[in-house]
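Note sheet for the following structure.
Each residue takes its place number in the sequence, starting with 1. Source: prediction; values computed, not measured. Note that ligands are numbered from 1 as they come in the structure, with each ligand's atoms numbered from 1 the same way.
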Amino acid sequence: MRKAILSILALGAAMISCSPSELNDVEQEKFRPKFHFSPEANWMNDPNGMVYYEGEYHLFFQYYPDSTVWGPMHWGHAVSKDLVDWEEMGIALYPDELGYIFSGSAVADHQNTAGFKSGEHTPLVAIFTHHHDENGEVQSLAFSNDRGRTWEKYENNPVLPNPGIQDFRDPKVMWHEEGGQWIMSLAAKDVIHFYSSPNLKDWTFESEFGKGIGAKGGVWECPDLFEIKGEDGRSKWVLFVSINPGAPNGGSGTQYFTGEFDGKTFAADHQDEKWLDWGTDNYAGVTWANVPKEDGRTLFMGWMNNWLYGDRTPTEGWRGAMTLARELVLVRDQGDDYIAQKPVREFYQKLKPSIESKQVNFNEALAIGSESGFVVKLSGFQESKGDIKIKLFNENGEELLLNLTADKISLDRSSSGETGFHPEFGKIQEMPYRGNNLVDVELVVDASSIEVFINDGLYAMTAQVFNKCPFDKMMVERPDAPGKYSASVYEVPAMSSRK
Ligand code: FRU
């Protein structure tokens with residue numbers, strides 16, 4: 001099947017000026033990511049139920065197995081030992097009489113608080129929304145006693161009925177060590193509700209967060225409350241709240257608040273939202289549960305898409321990919337707390353250098369190879385008063401432009417390839433820059449995406465890009481003060497399932 005698709009794609013390549021062998025991911029289907037998770041077939045949205053157990057990271061996801069557009073939701077499932085190489089498993093949860101299986105979380109119930117344990121393994125418990133068009137949204141449980149391989153729904157679902165709020169969903173559950181109980185964050189229209197439980201089955205309302213706080217341009221979805229350590233040893237509580245629409249560059253995005261959580265109430269340090277990622281394509285992301293203490297990292301993944309145009313992207317046979325797994329850290333910058341993010345170290349360990357710390361002239365093109373996936377690390381920018389523009393381009397006339405100024409960073413994908421499937425896809429994306437000294441810029445480019453990390457991930461932008469030919473050249477422009485910068489380029493091996 002794949003071979004047949006390949007030859008059709010190779011024929012189509014005759015119209016385009018890169019050779020068929022270079023055609024963007026011709027060996028991997030059109031626009032198919034090489035090293036980002038995408039479902040083998042059909043529609044995927046939010047990451048769900050991310051939990052670590054016995055050497056495996058689980059990724060469940062909103063999945064519709066019958067079409068490449070959204071439909072009755074299931075939970076798909078993938079497993080990885082290293083957060084990079086994902087293996088897709090069978091469907092974990094199917095819709096039932098209570099409704100579709102919407103977003104939610106999973107935990108390893110080591111103390112068997114819910115009483116689901118029936119064998120040698122710790123039960124994994126999924127807490128998810130049942131969505132029913134007439135009966136509304138309620139929260140339910142399912143459990144697995146075989147390391148997530150098979151799932152059974154709890155017989156007394158739902159565990160949290162609907163209190164008369166139409167949008168009432170996406171439970172994210174964490175074990176609150178100090179309080180010795182489970183805490184659930186739940187999106188309730190445009191605020192967050194917190195509930196507590198000793199056993200995952202009986203839930204008590206604790207508090208509400210968000211009246212008059214944060215971005216309100218759409219419905220609040222997919223919250224995540226977690227504690228995170230700062231570089232300086234401090235620890236803070238963070239609340240992620242995805243919102244759709246209402247993101248700064250259109251459609252969906254994830255805002256966050258830093259503050260304190262006392263087991264009942266979350267008190268934010270600030271009223272205005274901060275944005276996790278200013279690109280258009282990082283939504284509904286949350287953190288992994290049960291990451292071992294000796295590891296201690298805060299691990300995150302988001303849906304690399306946007307509800308604005310998510311069902312029109314020009315992929316075939318499948319639609320939707322995840323961001324790379326990222327490590328989040330708390331960083332103090334100019335008197336304020338921010339979440340910085342970078343791909344997990346396991347990803348960097350797989351990279352193969354093709355250009356190492358090369359001194360390159362500004363305003364001169366650098367050949368970066370014709371691989372459809374690569375990482376570029378740029379540094380050694382001397383102080384500059386003027387703009388720096390980083391351009392990825394190819395012979396096919398496709399280009400992607402990152403423009404850095406003292407107070408703004410923008411990403412222009414208007415000439416990057418296929419953009420016409422939605423009027424707003426080609427719009428320039430902007431992110432405020434707080435005038436920091438520019439230390440490094442990292443670009444992670446796969447067959448249909450770019451992830452931009454600036455100053456060790458203090459600034460992040462993630463965007464889909466549908467270039468027909470690989471970007472095989474780069475130019476860093478700085479007209480005001482020519483000189484040299486340092487560039488390293490790395491090849492990224494394809495995930496085993498994409499080889
Ligand atoms: C977020 C979301 C969730 C919901 C799910 C449905 O992208 O809208 O709020 O549970 O997707 O697929």
Side-chain angles (χ1 to χ4, degrees), residues 39 42-50 59-77 91-96 98-106 126-133 135-142 158 160 162 165-173 184-193 210 215-224 239-247 250-256 276-277 280-287 300-313 319-323 462 464:
N42 292 313
W43 171 268
M44 174 179 83
N45 54 289
D46 314 358
N48 293 149
M50 296 194 290
L59 165 65
F60 298 87
F61 48 90
Q62 289 287 281
Y63 188 50
Y64 185 40
D66 297 326
S67 169
T68 52
V69 293
W70 191 91
M73 283 287 109
H74 300 53
W75 271 26
H77 186 200
I91 291 174
L93 297 174
Y94 289 80
D96 57 37
L98 289 176
Y100 302 165
I101 315 298
F102 268 23
S103 285
S105 49
I127 309 97
F128 59 90
T129 299
H130 259 125
H131 169 97
H132 195 286
D133 282 345
N135 303 342
E137 297 184 331
V138 297
Q139 318 317 318
S140 293
L141 304 181
L160 185 59
N162 190 298
I165 301 171
Q166 194 190 347
D167 295 298
F168 186 68
R169 59 176 177 264
D170 308 339
K172 179 73 162 71
V173 172
M184 177 198 291
S185 319
L186 192 71
K189 196 174 172 215
D190 61 354
V191 293
I192 301 302
H193 284 184
K216 293 287 181 191
V219 176
W220 282 20
E221 300 183 318
C222 299
D224 188 8
L239 180 65
F240 279 5
V241 179
S242 281
I243 180 170
N244 177 53
S252 25
T254 301
Q255 59 186 319
Y256 69 94
L276 180 65
D277 185 320
T280 44
D281 297 289
N282 182 356
Y283 191 59
V286 291
T287 59
F300 165 93
M301 188 177 260
W303 177 43
M304 202 155 55
N305 208 342
N306 190 315
W307 284 116
L308 190 61
Y309 46 69
D311 60 356
R312 300 197 207 170
T313 54
R319 190 175 271 125
M322 297 299 179
T323 66
T462 304
Q464 293 183 90

Practice prompt. Specify side chain, backbone, both or neither for Asn45, according to which of its non-hydrogen atoms lie closer than 4.0 Å to ligand 1.
Written response: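 Side chain only.
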Worksheet item: At a non-hydrogen distance cut-off of under 4.0 Å, which region of Trp303 contacts ligand 1 (side chain, backbone, both, or neither)?
Response: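 Answer for Trp303: neither.
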Against ligand 1, does [X] come closer than 4.0 Å with any heavy atom?
| X | answer |
| --- | --- |
| Tyr100 | no |
| Trp307 | yes |
| Asp46 | yes |

To the nearest 0.5 Å, what is the distance between [atom1] ([X]) and [atom2] ([Y])?
| X | Y | atom1 | atom2 | result |
| --- | --- | --- | --- | --- |
| Leu276 | Tyr256 | CG | OH | 7.0 Å |
| Phe240 | Phe300 | CZ | CZ | 6.0 Å |
| Asp277 | Thr462 | CG | OG1 | 3.5 Å |
| Phe128 | Asp170 | CZ | CG | 12.5 Å |

I'd like to check which ligand 1 atoms, numbered from 1 as shown, lie under 4.0 Å from a non-hydrogen atom of [X].
| X | value |
| --- | --- |
| Met73 | 12 (O) |
| Ser103 | 5 (C), 10 (O) |
| Tyr283 | 1 (C), 7 (O) |
| Arg169 | 3 (C), 4 (C), 9 (O), 10 (O) |
| Gln62 | 5 (C), 6 (C), 12 (O) |
| Phe102 | 4 (C), 6 (C), 10 (O) |

Worksheet item: Centroid-to-centroid, Tyr63 to His74, below 6.0 Å?
Response: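 Centroid separation for Tyr63 and His74: 6.0 Å or greater.
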Item to complete: Consider only side-chain N and O atoms of Asn48 and Gln62, and report whether a donor and an acceptor are under 3.5 Å apart.
Response: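 Yes, a side-chain donor-acceptor pair sits under 3.5 Å.
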Worksheet item: Side-chain contact, heavy-atom cut-off 4.5 Å: Arg169 with Asn162?
Response: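 The answer is no, as the side chains (C-beta and beyond) never meet within the 4.5 Å cut-off.
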Fill in: Which residue and heavy atom of the protein sit nearest atom 10 (O) of ligand 1, plus the separation
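Residue, atom and distance for the closest contact: Asp170 OD1, 2.6 Å.
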Item to complete: If you have a sec, work out which protein heavy atom is nearest atom 8 (O) of ligand 1 and how many Å separate them, to one decimal?
Response: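 Answer for atom 8 (O) of ligand 1: Glu221 OE2, 2.9 Å.
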Fill in: NZ/NE/NH1/NH2 to OD/OE distance under 4.0 Å, Asp167 and Lys189
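Lys189 and Asp167: not salt-bridged.
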Practice prompt. Write down the atom of Asn305, the atom of Thr313, and the distance for their closest heavy-atom approach.
Written response: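 It is OD1-CG2, 4.1 Å.
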